[in-house]
Amino acid sequence: MLVAFKFTHAGTCLRALLLAVVCTFLPAFAAHACGEDTDCKLGDRTYRIAVPADGEPPKGAIIFAHGYRGTAAGVMRNRSMKRAVTGLGLALVAPKSARQDWDIPNAPRPGKFLEKAYFRDLKAALVERHGIDGDRIMMSGFSAGGMMVWNTACHMGDLFAAYVPIAGTFWYPVPDQCTTLPVSIIHIHGTSDRIVPLKGRPIGPTRQGNVYNALKLAVQTGGFDAWKTVGNGGTQKHPLACQERQATAGGHILRFCLHDGGHTIRSAWLVKAWQALEAKGAFRR
């Protein structure tokens, strides 16, 4: 009887020990149990991530900032983009604004750059949680997301390896100077864009900035040489007419690509941008 009691007590203790171990590590497991269909928690914010289907660790990442009233879930519903990015062996990362739009300077509201801590935390999470090389991360975004990209490149450009704003620029006025240029930037825009025209338009109490002034700012503060035509930066089906400047130091590039369409994005442009930047040595090999 005594033996039976000892055995039962030992079994109870073992079960209690296993339960304690599981409970200890369960929060960590839960924090990582996220992906393209489930939000990843990051303080009081979230993001989503899609990784290559082959099970291999991502060789880098493209962060793609959504447009006005967009969501991380909406980015992940873009199957073409997911296939294009993960097909490169990269992770597609979709951050989420705290409000309907990104909190950046001179926007209708609140008009201050309140996203710095979030994107620093996001990079740390990609490195620590997902094992992504911090030197192989490109930030892109469309429309309001492109505005987020320009502000990040200008004010905290050392955070990511390169920047690809699409159909978005600063809100007016363009900053007098950028604190972290030069960095590698590929700007893509449609000549027929009426939502974010190349020269901007009024929005409520403010207005969108002029893309040409943003490029001029980059040239002046980044020390880039003269424009040179680099040909089609897109695909045969969706071509881009591109010009490029080379930084006089550091190997960075400033590329400006136009298409004859409106307010649109093509997943293939992200692929071409990554490949062009990698060829220029923007990402650590």
Of Thr86, Leu90, Val85, the one forming a side-chain contact (heavy atoms from CB on, under 4.5 Å) with Leu88 is Leu90
From the options Lys116, Met139, Glu115, select the one residue that forms a side-chain contact (heavy atoms from CB on, under 4.5 Å) with Thr152.
Met139
Sorted by chain and residue number, the side chain to side chain contact (heavy atoms under 4.5 Å, CB included) partners of Ala84 (sequence neighbours excluded) come out as Ser267, Val271
Testing Lys82, Arg48, Arg77 one by one against Glu36 for a side chain to side chain donor-acceptor pair (under 3.5 Å), which residue passes?
Lys82
Give the minimum heavy-atom separation between [X] and [Y], together with the two atoms involved.
X      : Y      : result
Gly157 : Val183 : O-CG1, 3.6 Å
Ile186 : Ala276 : CD1-CB, 4.5 Å
Cys40  : Ile49  : SG-CG2, 4.0 Å
Met156 : Tyr163 : O-OH, 3.5 Å
Gln177 : Leu217 : CA-CD1, 3.6 Å

Indicate yes or no: at least one non-hydrogen side-chain atom of [X] is less than 4.5 angstrom from one of [Y].
X      : Y      : value
Arg129 : Leu42  : yes
Asn106 : Pro173 : yes
Trp150 : Ile185 : yes
Leu254 : Trp227 : yes
Leu270 : Ile166 : yes

Between Lys280 and Glu244 (salt bridge meaning N to carboxylate O under 4.0 Å), is one present in this structure?
yes
Which residues pass the ring pair (Phe, Tyr, Trp, His ring centres under 6.0 Å) test with His252, sequence neighbours left out?
none
Can you check whether Phe142 and Trp269 have ring centres sitting under 6.0 Å from each other?
no
Tell me, yes or no, whether the heavy-atom count around Arg109 atom CZ, taken from other residues, nucleotides or ligands under 6.0 Å, exceeds 12.
no
Apply salt bridge (Lys or Arg N to Asp or Glu O under 4.0 Å) to residues Arg69 and Asp101 and explain how you reach the verdict.
CA-CA 6 Å; Arg69 291 186 174 178; Asp101 201 0; over 6 Å; no
